[in-house]
Amino acid sequence: MLKNKQTSTQPFITYTGMIWLLAAQLIVMLPFTTSLPPWLLAVVVLAAGWRLRVLAGKASQPKTLLKAGLLLLGIAAVFLSGLRLPSLEAMSALLLLGFAFKAVEAVQQRDALVVILTGYFLVALHFLYTQSIIAGLYGTLALIVLTGALVGVQQTLEELTPAQQVQFNFWIAGQILLQCLPLMVIIFVLTPRFQPFWSLPLPTEQHTRGILDRMAPGDIEKLSQSADLAFRVSFKTERPPQTELYWQGLVLQHFDGREWRQFATEQDPEQLKWTLKHEYSYQEHNLKTQGMAYEYEAIYEPSGQNWLFTLSPTTEVQGEVLRAADYRVMAKQPLQSPLLIRAVSRPASIRDLELSPKLRALALQLPSQGDNRSRELAKNLYAAAGDELTYIQTILKRFKEQAFFYTLNPPLLGETDTIDGFLFDSQRGFCSHYAGSFVFLMRAVGIPARVVVGYQGGEWNKAGNYLAVHQFDAHAWAEVWLPNQGWLRVDPTSMVAPERTEQNLEAALKKEGRLLEQSVFSSRKFAWLNSIRQQLDRMQYGWQRWILSYDSATQAQFLDKLLGGLSVLKLAGWALALLVCLALSGLIWLGLTRQAHAEALEHRLYRRFTERLSKQGFERRLDQTPSEFGALAAQAWPAQAEKILAFTATYQTLCYECDEPQAKQRSSLLRELRRLLSQLP
């Protein structure tokens, strides 16, 4: 009758179970505080605290009206936090709010199951915000705690102390997750990779990360104070020298007197893709490939933008990309997650031996007026030089020999005549000043030229054998077009600060000492921290390369190498063999663990029985059998004699009669042992 009563009613959450539930909620919600309103964490603490007071008899269960009022207040607080709707942040905040408030009305075990199952979903949801290896490890911890809570709210072993109960729950949770691990690996390796059928809007903080689509004095200097990673590159062939590591992102053609842009009119990402695809599309016949080929893989960090940065010109590229007439490579969608591409570049190739009228017009555009001193200087120097190549060398020599200075803190140039202000007045600037003024001087005498922005150099990670390019590696340089030579890269910054391209930005600013000056605790300022940072970055790169970037191409290469050629029959055979091995291993392991657990439990119960009697001065000698000790204990406590003898007989049945029919009822006998043990003195 007691058994029927328990199955007909839903068990309540115990005080210990509520503690488990609170711990699981805190663990799940904690990482969301970096991207969502942190007061959501306080809500779950207050809600769980209220519920604990109810269980302790110090407060009453909240009424329906009060719960509805709290819910409406929480929803209003979400929208007052500035989250736009619809958006990923707003919907996540509402889900977390309900997750937190559920603790107020968590009374029965089914309420706890709702909370725990929602917690599993929230663990997966957090990977939409970050997919770092730290997030992966933390997600694993959250899964263990949630599974431990799932065990804890459904059973409490009275014979275990609280510490032993926690250890037991974690042990069961670990076993459950380990049993899932082989199947998870099989699914990850063999499941086909498809393009997503839908996407969510980016979190707002990712929209303006990295290089923008325009350049004004001071823009690139701001990136020099950011140590955020832009992308990583591993070379399949020989690595280019540091001076050749120019990672082209986009080309700026239009100058309005102060700012450089791609085109005269503003274009959103979709318009830009249409323009590059239909009006300035990549023409393979305009490229004469020659020189050393560099094959590499690049993994780009999420930026919310379409720019990809490659060694120009890129002759081959694998991935969902768009190529343009200016030899840039773009992603078809904004980067919301790490993106892997494989490319081959030949920097010595000749680009555009014949320049189309449309591209020539873009490369010669200048405002109709302004910067008169610079225009006059260009005409005089070009007349003295006599030809384009000599004129280019004259301008570069001028930057090198005159009092020009490379600095992250140049003086303001105003809104007009910015080229004049830099060339004749301040003569202090960053790479954007030198690249912009050089292109202006070229165009002023009819030489096609353009500004290229991207990154230069990078930090070589010897342990991981890859190049890490950071935001402070952002750089601007120029390209000029000459007859019979095509587009040539010219970096006027190297005339003023050769250390910038030969080494890195830190070497170029060594005297000024302004690299990452706003980051007081930057790891680059401490050698031992820098070494740790590189090791952690190596781990993160491995995570991105082999886990996050495991796409269809990587999968095909891996399986082809593993199976020695792909075929449907081979894949089916391997999958069937793995499943059979997995099933057999699971059955064997389950049988062994059940038997080991049962045996360990019965001995632990008997040891607790002897320890309890020992505290009352009745010690068991090592030479005594359980029957002898039980008989003596029954004589010492006549009132409990029947229970002691029954306990001893049950224990001996489990230990010495495993082949008898009673051994098949091990579970019921163990429950009887617990009941008898609880009644001992």
Over 60° means perpendicular and under 30° means parallel, so classify the ring planes of Tyr382 and Tyr391, tilted if in between. perpendicular
Within the 3.5 Å criterion, strictly below it, is a donor on Ser337 or Gln131 matched to an acceptor on the partner's side chain? no
To the nearest 0.5 Å, tell me how far Asp425 CG sits from Thr418 OG1. 11.5 Å
Please collect all salt bridge (Lys or Arg N to Asp or Glu O under 4.0 Å) contacts where either partner lies in residues 437-449, sequence neighbours excluded, each pair once. none
When you check the side-chain N and O atoms of Asn286 and Tyr327, is any donor under 3.5 Å from an acceptor? no
Closest non-hydrogen atoms of Phe424 and Arg398, given as atom of the first, atom of the second and distance, are CE2-NH2, 4.3 Å
Would you say the side-chain atoms of Thr130 pair up with the backbone N or O of Phe127, donor to acceptor, closer than 3.5 Å? no
Please name all residues satisfying side-chain contact (heavy atoms from CB on, under 4.5 Å) with Ala230, sequence neighbours left out, ordered by chain then number. Tyr455, Gln471
Carboxylate-amine/guanidinium proximity below 4.0 Å for Glu301 and Arg232: yes
Measure from the side-chain N and O atoms of Tyr282 to the backbone N and O of Val329, and report whether any donor-acceptor pair falls under 3.5 Å. no
Main-chain N/O of Asp491 paired to Tyr246 side chain as donor or acceptor, under 3.5 Å: no
Verify side chain to side chain contact (heavy atoms under 4.5 Å, CB included) between Phe404 and Met495, making sure each step is shown before the conclusion. CA-CA 9 Å; Phe404 285 92; Met495 298 294 103; over 6 Å; no
Please walk me through it: do Val452 and Trp247 pass side chain to side chain contact (heavy atoms under 4.5 Å, CB included)? CA-CA 10 Å; Val452 183; Trp247 305 97; over 6 Å; no
Does the pair Glu266/Arg261 count as a salt bridge with the N-to-O cut at 4.0 Å? yes
Test item: Gln271 side-chain N/O and Asp268 main-chain N/O as donor-acceptor pair under 3.5 Å: yes
Could you tell me whether a side-chain N or O of Trp477 sits under 3.5 Å from a main-chain N or O of Ala435, the two making a donor and an acceptor? no
Between Asn461 and Gln534 (side chain of the first, backbone of the second, donor and acceptor by atom type, cut-off under 3.5 Å), is there such a pair? yes
Among Gln248, Arg489, Arg328, find the one that has a side chain to side chain donor-acceptor pair (under 3.5 Å) with Ser312. Gln248
Between Val453 and Trp307, is a side chain to side chain contact (heavy atoms under 4.5 Å, CB included) present by the stated rule, with each step listed? CA-CA 11 Å; Val453 292; Trp307 323 132; over 6 Å; no
Tightest non-hydrogen contact, residues Phe405 and Tyr434, listed as O-OH, 2.8 Å
Glu270 and Lys273 ion-paired at < 4.0 Å: yes
Of all heavy-atom pairs linking Leu311 and Tyr296, the shortest is N-OH, 3.2 Å
Asn465 side-chain N/O to Ser234 backbone N/O, donor-acceptor pair under 3.5 Å: no
Backbone of Glu479 reached by a side-chain donor or acceptor of Arg450 within 3.5 Å: no
On a heavy-atom basis, which atom in Arg373 and which in Gly421 lie closest, and how many Å separate them? NH2-N, 4.4 Å
Are any side-chain N or O atoms of Trp481 and backbone N or O atoms of Asp352, one a donor and one an acceptor, separated by less than 3.5 Å? yes
Do Tyr129 and Thr34 have side-chain N/O donor and acceptor atoms under 3.5 Å apart? no
Give the minimum heavy-atom separation between Thr493 and Ala476, together with the two atoms involved. OG1-O, 4.4 Å
Counting distance only, does the side-chain N/O of Ser345 pair as donor-acceptor with the main-chain N or O of Tyr294 below 3.5 Å? no
